[in-house]
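This report concerns only the one structure given below.
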Amino acid sequence: MPLMIEAVGLRRSFGKVVALDGLDVRLESGQVAAILGPNGAGKTTFLRMISTLVRPDGGMLRVCGLDVAAEPVRVRRLIGLAGQHATVEPALTGRENLQMIARLFGQDRRTARASAEETLERLRLGEAGDRLVRGYSGGMRRRLDLGASLVGRPRVLLLDEPTTGLDPQSRIELWDTIRALAADGTDVLLTTQYLEEADRLATTILIIDHGQVIASGTAKELKSRAGRDIVEIHVRDREDLDAAVRALTRIGAEKPAVDRGSLMVSVAVDSGPERLREALHEVSELGVHVEDVALRRPTLDEVFLSLTGSTPATEPRGGEPRPPGSAAGVAPETASRSVR
Amino acid sequence: MTAGAAPQPARSARLLPSVGVLTGRALRIYRRTPQLLILRIVQSVAFLLIFRYVFGGAIVAGTMRYVDFMASGLLTVGIMFATIGTALGVAEDHVGGLFDRLRSLPMPRSAVLAGRVLADLAMTVAVLVPTIAVAFAVGMRVHTGWVAALGALGLLVLFGLAFVWIFVAVGLLAGSVQAAQGISFIVMPVSFASSAFVPTASMPGWLRAFTEHQPVTVVVNAVRTLTQGAPAEALLGHGSGYYVTRALIWIIALVVVFAGLAITRYRSR
Ligand SMILES: Nc1ncnc2c1ncn2[C@@H]1O[C@H](COP(=O)(O)OP(=O)(O)OP(=O)(O)O)[C@@H](O)[C@H]1O
Ligand SMILES: [Mg+2]
């Protein structure tokens with residue numbers, strides 16, 4: 001079985017901006033793969049390149065064994081793309097939207113009608129199928145958009161931030177749909193800024209930054225590759241926070257991260273149990289009242305942080321760096337999204 | 001279904017069915033949002049009435065009745081305004097990502113722009129027809145034969161085609177919907193600096209050098225001479241053959257340049 005995606009040394013610049021800088025990717029078929037990366041990492045550019053919308057400046061790219069540069073038309077028969085923005089037409093019904101795409105996929109009228117029906121059912125839009133999309137909720141639109149990428153029965157589904165802007169309930173529903181598709185034999189490649197999403201959905205995770213793959217593997221592999229355990233100390237009193245930071249600075253392999261809101265300091269350490277004992281010793285020397293301590297494996301947030309030196313956005317379009325003192329993995333809103 | 005065994009389309013979609021599907025889509029959207037068409041008709045007719053009754057009394061068009069003079073101008077300019085919406089629609093589809101999806105499908109890429117142009121041309125004709133009816137109602141008459149009048153109508157439709165292509169290119173090149181809208185207002189100065197509303201004789205020489213040769217004037221004068229005959233030829237200084245030839249050259253040049261720009265932009269990756 002050919003690889004789902006094989007890329008060697010892919011490059012692409014837009015003027016002075018280097019979007020892809022020698023991207024190397026090998027993804028087996030028969031899986032869901034996730035591309036994770038901060039804003040501007042090159043995720044969309046890579047997906048658009050697979051979709052034959054962006055030409056590489058250099059390098060090689062194959063989809064299911066077909067060279068994208070040499071056989072773009074055959075590649076288009078294999079793929080289904082759902083871009084970063086839902087592109088369904090509000091003045092048409094859900095069914096009409098799907099039928100149109102199916103027809104443009106080369107299906108005759110009758111087949112297109114059947115495909116649209118089947119896709120509506122699959123996405124639980126059957127009842128809304130004959131309503132104008134204008135009246136759909138955001139989640140329904142997003143599902144219909146996914147449907148539009150499915151209705152041609154592609155072998156490889158390319159989803160650019162499929163759950164951006166969805167409420168938690170709709171997000172979980174979309175995850176289920178994607179899982180069901182994968183179980184039926186469709187290969188899925190999706191991009192996301194949510195670590196939890198990659199963790200929950202994907203067999204393989206590619207972390208990309210500045211147009212290069214900086215790490216890849218299963219969620220488990222990535223977490224253990226980052227290697228270091230995390231020592232976490234909650235203090236009882238705010239005044240003790242600085243002392244705790246001093247103590248953990250001494251034993252940590254990196255600078256500790258401080259969350260002033262929940263009075264917690266955490267740091268990556270080289271050998272967990274020993275350093276934990278030292279940490280407790282240090283803080284009691286300094287007279288810190290400890291509320292709680294923990295030794296744990298890193299979250300994907302922290303893996304990401306240690307690999308890229310930046311944090312993925314917690315809001316889809318919010319690319320600004322986090323304020324200092326609320327490092328990844330310990331900021332409350334990040335913590336709630338990461339899988340421990 | 002198992003991995004790799006997903007049914008695959010045996011062939012790509014062909015050109016004509018794809019154009020049909022996309023034209024049908026655009027027309028259906030227009031049908032579902034009738035206010036778009038109504039607004040354009042109202043605008044076109046209001047413009048005509050304003051020049052007929054507000055300015056009309058104060059403008060002298062040589063030997064011609066002003067209503068006969070201005071009708072050709074307002075029908076031509078009406079077409080330009082009726083096609084502005086194309087720039088917005090194309091910019092929305094382009095920026096919003098619809099074109100990305102369509103270009104990732106196994107169908108001829110030319111079908112997308114072709115479908116859009118056909119649908120918008122149909123919309124333009126749908127604005128033109130009631131405007132012509134109103135022009136007759138307020139006193140415009142054809143003083144030649146029906147063959148010449150049909151020729152004028154054909155020329156107006158071709159001019160509409162040129163402007164649809166211009167605005168497709170604007171929509172694709174503008175980069176944002178707002179920019180597309182801004183650029184579209186170029187039709188204001190271009191239509192006023194022409195022979196559409198007033199004879200060019202009263203304009204200063206440097207302006208006439210532009211107004212007498214620009215496409216709006218040439219098309220307006222072609223329609224005028226085709227529908228009004230001798231009085232128009234006497235006023236404008238040339239016969240219908242002169243203007244029609246130049247109008248066709250302009251229309252072909254505009255279509256070639258702007259369709260070329262639009263297609264190049266659409267295909268670029
Ligand atoms: N068409 C384009 N013209 C100019 N620059 C572009 C274009 N497409 C992408 N870029 C630039 O290339 C870089 C990578 O962009 P890309 O959209 O691939 O990032 P991304 O990982 O998808 O980011 P995000 O998470 O914000 O969607 C960015 O710096 C972007 O500004
Ligand atoms: Mg992106």
Side-chain angles (χ1 to χ4, degrees), chain A residues 1-2 4 29-31 48-55 64 72-93 96-97 99-109 111-112 132 134 145 148-149 152-156 158 160 182-187, chain B residues 1-37 89 92-112 114-116 119 175 177 265-269:
Chain A
M1 165 122 357
M4 167 182 13
S29 55
Q31 64 164 331
R48 285 166 53 82
M49 210 169 258
I50 298 170
S51 318
T52 75
L53 301 177
V54 170
R55 200 196 315 269
C64 299
V73 179
R74 287 183 67 192
V75 169
R76 280 181 224 141
R77 277 185 225 158
L78 295 176
I79 58 159
L81 169 70
Q84 203 165 333
H85 308 283
T87 56
V88 287
E89 172 54 54
L92 300 181
T93 66
E96 286 166 343
N97 267 289
Q99 274 177 12
M100 173 185 88
I101 302 290
R103 293 277 282 136
L104 297 177
F105 236 104
Q107 298 179 7
D108 61 37
R109 230 176 238 125
T111 317
L132 295 187
R134 210 176 266 152
D145 195 55
S149 63
R153 303 181 190 177
R155 201 153 108 192
V156 179
L158 304 164
D160 200 356
D184 276 357
T186 308
D187 294 348
Chain B
M1 257 193 256
T2 54
Q8 278 178 43
R11 54 175 171 74
S12 303
R14 282 187 306 248
L15 180 63
L16 284 184
S18 305
V19 173
V21 167
L22 287 160
T23 311
R25 164 191 180 264
L27 289 178
R28 188 173 289 161
I29 294 169
Y30 286 135
R31 237 187 12 246
R32 299 258 167 86
T33 31
Q35 58 274 32
L36 274 181
L37 180 61
E92 268 165 22
D93 289 351
H94 182 49
V95 177
L98 178 72
F99 284 172
D100 274 1
R101 161 156 287 148
L102 295 179
R103 290 192 308 163
S104 77
L105 295 175
M107 62 154 182
R109 291 194 165 180
S110 47
V112 178
R116 163 64 75 168
V177 179
R265 179 74 185 99
Y266 182 75
R267 298 177 72 100
S268 78
R269 49 193 189 108

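Every chain is numbered from 1 and lettered A, B, ... according to where its sequence line falls, protein lines coming before strand lines. Fair warning: this is a prediction, and the values are worked out from it, not measured in the lab. Side chains included, hydrogens not; waters and symmetry mates left out as well; all remaining heavy atoms used.
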Look at A/R134, A/E89, A/Q99 and state which one has the largest set of heavy-atom pairs under 4.5 Å with chain B. A/E89
Step through the shown structure and confirm whether more than 12 heavy atoms of other residues, nucleotides or ligands are within 6.0 Å of CZ on A/R74. no
Is it true that A/R48 and A/D160 have a side-chain N and a carboxylate O under 4.0 angstrom from each other? no
Counting only non-hydrogen atoms closer than 4.5 Å, does A/D145 touch chain B with its backbone (N, CA, C, O), its side chain (CB onward), both, or neither? both
Taking A/S51, A/A91, A/P2, A/G83 one by one, which has the highest count of heavy-atom pairs under 4.5 Å against chain B? A/A91
Which region of A/L132, side chain (C-beta onward) or backbone (N, CA, C, O), has a non-hydrogen atom less than 4.5 Å from a non-hydrogen atom of chain B, or is it both or neither? side chain
Would the distance check show the side chain of B/R103 and the main-chain N or O of B/Y266 forming a donor-acceptor pair, the cut-off being under 3.5 Å? yes
Interface residue of largest heavy-atom contact number with chain B, from A/A182, A/C64, A/A148, under 4.5 Å: A/A148
So do A/P154 and A/S149 actually touch side chain to side chain, heavy atoms under 4.5 Å? no
Show, in sequence, the C-alpha distance, side-chain angles and deciding distance for B/R265 and B/S268, and conclude whether the side chain to side chain donor-acceptor pair (under 3.5 Å) test is met. CA-CA 5 Å; B/R265 179 74 185 99; B/S268 78; 3.1 Å; yes
Atom group of A/A82 that falls short of 4.5 Å from chain B, counting heavy atoms: both
